[in-house]
Amino acid sequence: MTISPAIPNTDAAFQAFLDELHQQYAPLSEGTVASYIPELTKVDPATFGICVVTRDGRVFEAGDTRHIFTIQSISKVFVYGMALQEHGRDYVLTRVGVEPTGDAFNAIVLDDRSMRPYNPMVNAGAIATTSLIKGDGPTERLNRMLDMFRGYIGHDIFVDMSVFMSERTTGHRNRGMAHLMRNFGMIDERIDESLDLYFQQCSVTVDCRDLAVMAATLGNHGKNPITGAQAVNQRYIRDILSVMHTCGMYDSAGEWVYRVGLPAKSGVSGGLIVVVPNQFGLAVFSPLLNAQGHSIRGLRVCEALSDHYGLHLFDSSMGCTRFVQQLGQSNGEVS
Ligand code: GLU
């Protein structure tokens, strides 16, 4: 099937485009579901959802957008925002850098000059940012973190206990990284408590629509477009989007920027979020992963959408602006 080349000038045209994308990529069966813990293997590989939430709160959905899964590494984006908000940019930079690694998400590697983890999107950096979450003891820290997620999602959320327990039981590599960082003073002495918090943040349950609302919140200066809640101070949005842009796709971050050109983050359970700044948030859920741990249908959908509407940040046709003007005008408004 070929996708008709048209800029959406109505909500219905854009919805039809998402439906076409879903139909086109649903038959793809390449890739494998994550298997490092048994819970993640139980998912139906055919599950596939696409959701877009615009800055003014319109929601477009295709496929299995209400299927629940654990957020996994996508959580790293939001916990990084929380660390920035609690400690400020300068302090957080002393604990975690902003350089892409070119290595896999779970590489045991620190910057050999500063001894910091390279960035907050790889596991080592994420454990370092999680360790910065304030609170008196594990329960208070967990509750504060869940409150932060609720601000982005707009409703109550939960930790999947069986995924959490499995992550905790099998997470030797993450444990090893935490101890290495403790050795260099990058995290404090609450090693096991912070690791539990990291495993819990990975085990927070969401659906594809939730992720699109979270991405749209980042694209809307930190303000949830559905509830109007300010989930994160807007001064940190540029830091968050910068590390998503350069580091969010791990060792394929360069290819991602080249092909899609938008800040993004993927998770091993099959979620992928993309932010089109000042425009909309996109989320795809499909658990079949490539060798780097990214959703294969997710990659295809994002590339097709970016190409079709010229959304790449460096696209000379300025598709981002054109997209919103046309979609906005059709509804009597321009964002
Ligand atoms: N819980 C996973 C880990 O820490 C997250 C990895 C991912 O989603 O990329 O290994």
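Numbering of ligands and ligand atoms starts at 1, following listing order. Numbers here simply count residues along the sequence, with the first being 1. FYI, side chains are in, hydrogens and waters are out, and symmetry mates aren't considered; it's all heavy atoms of this structure.
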Side chain, backbone, both or neither: [X] near ligand 1, heavy atoms under 4.0 Å:
X      : answer
Asn123 : side chain
Phe164 : neither
Ser73  : both
Phe199 : neither
Ile74  : neither
Glu167 : side chain

Does any N/O atom on Tyr198 come nearer than 3.5 Å to any N/O atom on ligand 1?
->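 There is such a contact, yes.
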
Ligand 1 N/O within reach of Tyr250 N/O, cut-off under 3.5 Å |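 Checking ligand 1 against Tyr250, an N or O pair does fall under 3.5 Å apart.
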
Close aromatic pair by centroid cut-off 6.0 Å: Tyr25 and Phe48 =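 They do not qualify: ring centres at least 6.0 Å apart.
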
Pair Phe280 and Phe60, ring centroids less than 6.0 Å apart |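 No, the ring centres sit 6.0 Å or more apart.
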
Is the shortest side-chain N to carboxylate O distance from Arg190 to Asp188 below 4.0 Å?
->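 Salt bridge flag = yes for Asp188 with Arg190.
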
Basic-acidic side-chain contact under 4.0 Å: Asp147, Arg150 =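 Yes, this pair counts.
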
Assess the side chains of Glu167 and Gln201: does a donor N or O sit below 3.5 Å from an acceptor N or O?
->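 No, no side-chain donor-acceptor pair sits under 3.5 Å.
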
Non-hydrogen atom of Gly267 closer than 4.0 Å to ligand 1 =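 Per 4.0 Å heavy-atom rule, Gly267 contacts ligand 1.
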
Mark the output for Asn106 as yes if a heavy-atom distance to ligand 1 is under 4.0 Å, and as no if none is.
->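 False for this residue.
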
For the residue pair His245 and Phe314, does the interplanar ring angle fall in the parallel (under 30°), tilted (30 to 60°) or perpendicular (over 60°) class?
->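 Judged by the thresholds at 30° and 60°, the geometry between His245 and Phe314 is perpendicular.
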
With atoms numbered from 1 as shown, which atoms in ligand 1 lie under 4.0 angstrom from a non-hydrogen atom of Cys202?
->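 Once the distances to Cys202 are compared, the set is 1 (N).
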
Look at atom 1 (N) of ligand 1 and say which protein heavy atom is nearest, naming residue and atom and giving the distance to 0.1 Å.
->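 Atom 1 (N) of ligand 1 sits closest to the protein heavy atom Gln72 OE1, 2.7 Å.
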
Quick one: does Trp256's side chain have a donor or acceptor within less than 3.5 Å of a partner on Leu262's backbone?
->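 Yes: the side chain of Trp256 pairs with the backbone of Leu262.
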
Could you state the interatomic distance from CE (Met249) to CG (Leu272), rounded to the nearest 0.5 Å?
->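 The CE atom of Met249 sits 5.0 Å away from the CG atom of Leu272.
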
